[in-house]
*Asks:* 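Structure in structure tokens, see below.
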Amino acid sequence: MSVVEQYARAHLVTDAAVPEDETVPVVLRYDPEVDPREVRVGLPGADEWSFSRSLLEQGLRAPAGNDEVRVWPCGRVQAVVEFHSAEGVSVVQFESKTLLRFLRRTYMAAAPVGR
């Protein structure tokens, strides 16, 4: 099993001074040795969130979430991931194909070798 790390660009919806059409770098991570059921999303400024891989998968089809992370499809080609903390809310909009590609890679990384 190997670690999956995928770099992506996403729109960050925030009150901070980020130009409206500017994308930010985001890191998607999966380490089956740490927890094969979790994925991590690293946002600019060293914020990193971990949540269940199944939540991400479900949220690409229909709204899904828990107290800290919510995911839902946004139109035909976008998906939104919303992160809640004591400091506030971060809303990140991805292209759905980016998240689908990442999920595919996580399932390939977790697959037993030699099958």
Side-chain angles (χ1 to χ4, degrees):
M1 292 195 271
S2 60
V3 174
V4 173
E5 188 168 272
Q6 180 175 317
Y7 295 88
R9 306 253 347 139
H11 290 279
L12 181 61
V13 180
T14 178
D15 290 338
V18 175
E20 211 170 288
D21 287 332
E22 184 147 339
T23 58
V24 296
V26 177
V27 180
L28 306 168
R29 289 188 183 96
Y30 173 73
D31 187 346
E33 296 293 324
V34 172
D35 188 338
R37 298 164 298 188
E38 274 193 357
V39 294
R40 295 182 169 280
V41 176
L43 300 177
D47 289 335
E48 187 169 86
W49 295 83
S50 63
F51 56 97
S52 80
R53 181 169 59 169
S54 64
L55 188 152
L56 179 58
E57 186 174 11
Q58 291 168 9
L60 291 174
R61 293 187 304 268
N66 58 35
D67 291 339
E68 295 178 350
V69 179
R70 296 183 185 128
V71 182
W72 66 89
C74 181
R76 295 173 51 156
V77 297
Q78 301 287 319
V80 173
V81 183
E82 185 178 273
F83 302 101
H84 294 256
S85 71
E87 292 82 37
V89 177
S90 294
V91 180
V92 185
Q93 186 175 22
F94 290 90
E95 287 190 20
S96 297
K97 67 181 178 182
T98 299
L99 298 175
L100 287 166
R101 184 179 321 118
F102 172 68
L103 279 172
R104 258 193 314 274
R105 291 181 65 208
T106 68
Y107 285 111
M108 288 175 18
V113 178
R115 281 193 177 197

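This structure is a prediction, so every number in the text was calculated from the model and none was measured.
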*Asks:* Can you tell me how far the OG1 atom of T106 sits from the CE atom of M108, to the nearest 0.5 Å?
*Replies:* 9.5 Å
*Asks:* Atom CZ of residue position R101 - does it have more than 12 heavy atoms of other residues, nucleotides or ligands inside 6.0 Å?
*Replies:* yes
*Asks:* Under 3.5 Å, is there a donor-acceptor pair between the side chain of R40 and the main chain of S50?
*Replies:* no
*Asks:* Of all heavy-atom pairs between S90 and L12, which one has the smallest distance, and what is that distance?
*Replies:* CB-CD1, 4.4 Å
*Asks:* How long is the gap from NE2 on H84 to CG on N66, to the nearest 0.5 Å?
*Replies:* 9.0 Å
*Asks:* In Å, rounded to the nearest 0.5 Å, how long is the span from CG of L60 to CG of L56?
*Replies:* 5.0 Å
*Asks:* To the closest 0.5 Å, what do you measure between CH2 (W49) and CZ (R29)?
*Replies:* 15.5 Å
*Asks:* Flag the pair V24 / L43 as yes when at least one side-chain heavy-atom distance between them is below 4.5 Å, and no otherwise.
*Replies:* no
*Asks:* Hydrophobic cluster mates of V27, side-chain heavy atoms under 4.5 angstrom, ILVMFWY only, any path?
*Replies:* Y7
*Asks:* Can you name the nearest heavy-atom pair linking G59 to P73, along with the distance?
*Replies:* O-CD, 3.0 Å
*Asks:* Can you tell me how far the OG atom of S96 sits from the CD atom of Q78, to the nearest 0.5 Å?
*Replies:* 6.5 Å
*Asks:* Tell me, do C74 and Q93 make a side-chain contact under 4.5 Å, heavy atoms counted?
*Replies:* yes
*Asks:* Could R53 and Y107 be counted as a cation-pi pair, given that NZ or CZ must be under 6.0 Å from the ring centre and within 45° of the axis?
*Replies:* yes
*Asks:* Would you name the heavy atoms of P32 and S2 that are closest together and state the gap between them?
*Replies:* CD-O, 3.4 Å
*Asks:* Let's go through V92 and F83 carefully: what are the C-alpha distance in whole Å and the side-chain angles of both, what is the deciding distance for side-chain contact (heavy atoms from CB on, under 4.5 Å) to 0.1 Å, and is it a yes or a no?
*Replies:* CA-CA 8 Å; V92 185; F83 302 101; 4.0 Å; yes
*Asks:* Does L28 reach the side chain of V39, with side-chain heavy atoms less than 4.5 Å apart?
*Replies:* no
*Asks:* Would you say S85 and E68 make side-chain contact, with heavy atoms under 4.5 Å?
*Replies:* no
*Asks:* Report whether F51 and V34 are members of the same hydrophobic cluster (ILVMFWY, side-chain heavy atoms less than 4.5 Å apart, transitive linking).
*Replies:* no
*Asks:* Please report the closest heavy-atom contact between R9 and T23, naming both atoms and the distance.
*Replies:* NH2-O, 2.7 Å
*Asks:* Please tell me if the side chains of Q6 and T98 come closer than 4.5 Å, counting only heavy atoms from C-beta onward.
*Replies:* yes
*Asks:* Between W72 and E82, is there a side-chain heavy-atom distance shorter than 4.5 Å?
*Replies:* yes
*Asks:* With a 4.5 Å limit on heavy-atom distance, are the side chains of P36 and Y30 in contact?
*Replies:* yes
*Asks:* Is V80 close to V91 at the side-chain level, that is, under 4.5 Å between some pair of heavy atoms?
*Replies:* yes
